[in-house]
Amino acid sequence: MEDLLKNLPKNAKDKHKQNKKFFAKLKKKPPKQLDVLMQDLHEEEFAKDYCLDCANCCKTTGPLFTDKDINRISKFLRMKPANFIATYLRIDEDQDYVLQQVPCAFLAEDNTCLIYEVRPKACAEFPHTDRKKFHQISNLTLKNVAICPAAYAIVEAMKEKIKV
């Protein structure tokens with residue numbers, strides 16, 4: 001896993017132009033069964049279940065926290081939302097709540113999440129490769145392939161299965 005993570009940014013950068021071109025064509029004419037295919041590719045890749053070996057998303061990026069996320073997590077931690085915000089979050093340039101720092105404060109040494117049951121929606125959905133209307137989030141996917149080995153593998157498998 002270490003080598004995979006070490007090489008991931010370079011591999012993603014090497015494929016960026018090719019992926020960008022692929023997604024541009026996909027956006028213009030998405031296949032009818034794209035969401036079904038993406039769901040299958042996503043499930044197949046995540047059946048390998050190496051998130052706990054990796055946790056690169058938790059180590060290198062931070063999710064957006066919605067008001068619902070803040071309220072749910074605060075309640076779980078038995079904190080007032082204002083205290084949760086002051087302790088863990090900051091407002092970014094887009095006026096969104098994000099973590100004050102990475103790696104995530106809720107990432108344990110064994111790569112488990114201390115708030116997994118109530119984690120932010122953005123974490124639960126990451127890397128968004130099983131999202132409906134997948135062709136509409138190509139920019140996000142292009143970023144995620146440099147962070148998540150599963151997203152990278154899914155996009156590579158996708159390019160094999162879909163000829164645009």
Side-chain angles (χ1 to χ4, degrees), residues 1-31 33-65 69 88-90 92-94 96-164:
M1 181 56 71
E2 239 176 80
D3 285 344
L4 182 63
L5 287 176
K6 184 178 150 200
N7 296 322
L8 188 61
K10 183 191 179 313
N11 292 344
K13 187 178 179 186
D14 291 347
K15 300 268 185 169
H16 185 77
K17 262 188 183 172
Q18 178 189 35
N19 289 346
K20 198 170 181 177
K21 202 181 275 188
F22 175 80
F23 281 119
K25 288 179 182 175
L26 191 68
K27 214 175 213 179
K28 283 182 185 171
K29 193 176 179 199
Q33 297 297 315
L34 178 62
D35 289 341
V36 173
L37 173 66
M38 291 311 299
Q39 184 71 42
D40 290 346
L41 292 173
H42 177 91
E43 287 174 11
E44 186 178 310
E45 190 61 31
F46 279 93
K48 297 173 186 171
D49 198 31
Y50 50 79
C51 289
L52 292 178
D53 293 332
C54 177
N56 198 43
C57 51
C58 305
K59 293 173 184 173
T60 62
T61 62
L64 299 180
F65 286 74
D69 293 332
Y88 297 106
L89 306 179
R90 66 178 175 81
D92 71 2
E93 60 280 351
D94 296 324
D96 292 316
Y97 282 111
V98 296
L99 291 170
Q100 288 178 7
Q101 61 191 30
V102 290
C104 178
F106 303 108
L107 180 65
E109 279 189 37
D110 64 355
N111 287 341
T112 57
C113 176
L114 301 174
I115 59 167
Y116 188 79
E117 309 83 47
V118 294
R119 68 196 185 280
K121 184 179 180 208
C123 295
E125 293 179 353
F126 189 83
H128 312 286
T129 47
D130 61 344
R131 186 186 277 186
K132 298 268 188 259
K133 298 184 181 178
F134 177 80
H135 64 282
Q136 295 177 346
I137 60 162
S138 57
N139 289 341
L140 179 61
T141 304
L142 287 170
K143 288 179 188 173
N144 290 344
V145 296
I147 299 165
C148 176
Y152 181 89
I154 290 166
V155 169
E156 291 305 302
M158 182 182 167
K159 291 187 301 189
E160 289 292 317
K161 294 206 182 244
I162 301 172
K163 300 300 177 200
V164 288

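- Between the side chain of Lys59 and the backbone N or O of Asn111, no donor-acceptor pair lies under 3.5 Å.
- The minimum heavy-atom distance between Thr60 and Val102, with the atom names listed, is O-CG2, 4.0 Å.
- Stacking of Arg119 on the aromatic ring of Tyr116 is recorded, both the 6.0 Å distance cut-off and the 45° axial limit being met.
- Heavy-atom minimum distance, Val145 versus Ala151: CG1-O, 3.7 Å.
- For the pair Tyr97 and Tyr88, the minimum side-chain heavy-atom distance is 4.5 Å or more.
- Contact of the Leu64 side chain with the Pro120 side chain is not registered, since no non-hydrogen atoms from C-beta on lie closer than 4.5 Å.
- Inter-residue side-chain proximity for Leu34 and Ile162 is flagged as met; some heavy-atom pair is nearer than 4.5 Å.
- Qualifying salt bridge (charged side-chain N to carboxylate O under 4.0 Å, His left out) partners for Lys20, counting only residues two or more places apart in sequence or in other chains: none.
- Two residues are said to be in side-chain contact when any heavy atoms from C-beta on lie closer than 4.5 Å; Glu2 and Asp53 fail this criterion.
- Counting non-hydrogen atoms of other residues, nucleotides and ligands closer than 6.0 Å to CD of Gln100 gives a total above 12.
- Here the side chains of Thr141 and His135 are not in contact, with every heavy-atom distance at 4.5 Å or above.
- In this view, Glu125 satisfies the side chain to side chain donor-acceptor pair (under 3.5 Å) rule with no residue, not counting sequence neighbours.
- Between Phe126 and Ile147 there is a side-chain heavy-atom pair separated by less than 4.5 Å.
- Side-chain contact between Met158 and Phe23: present, with at least one pair of heavy atoms (C-beta onward) separated by less than 4.5 Å.
- Enclosure of atom NZ in Lys159 by more than 12 non-hydrogen atoms of other residues, nucleotides or ligands within 6.0 angstrom is indicated.
- Considering only heavy atoms from C-beta on, Phe46 comes within 4.5 Å of Cys51 through its side chain.
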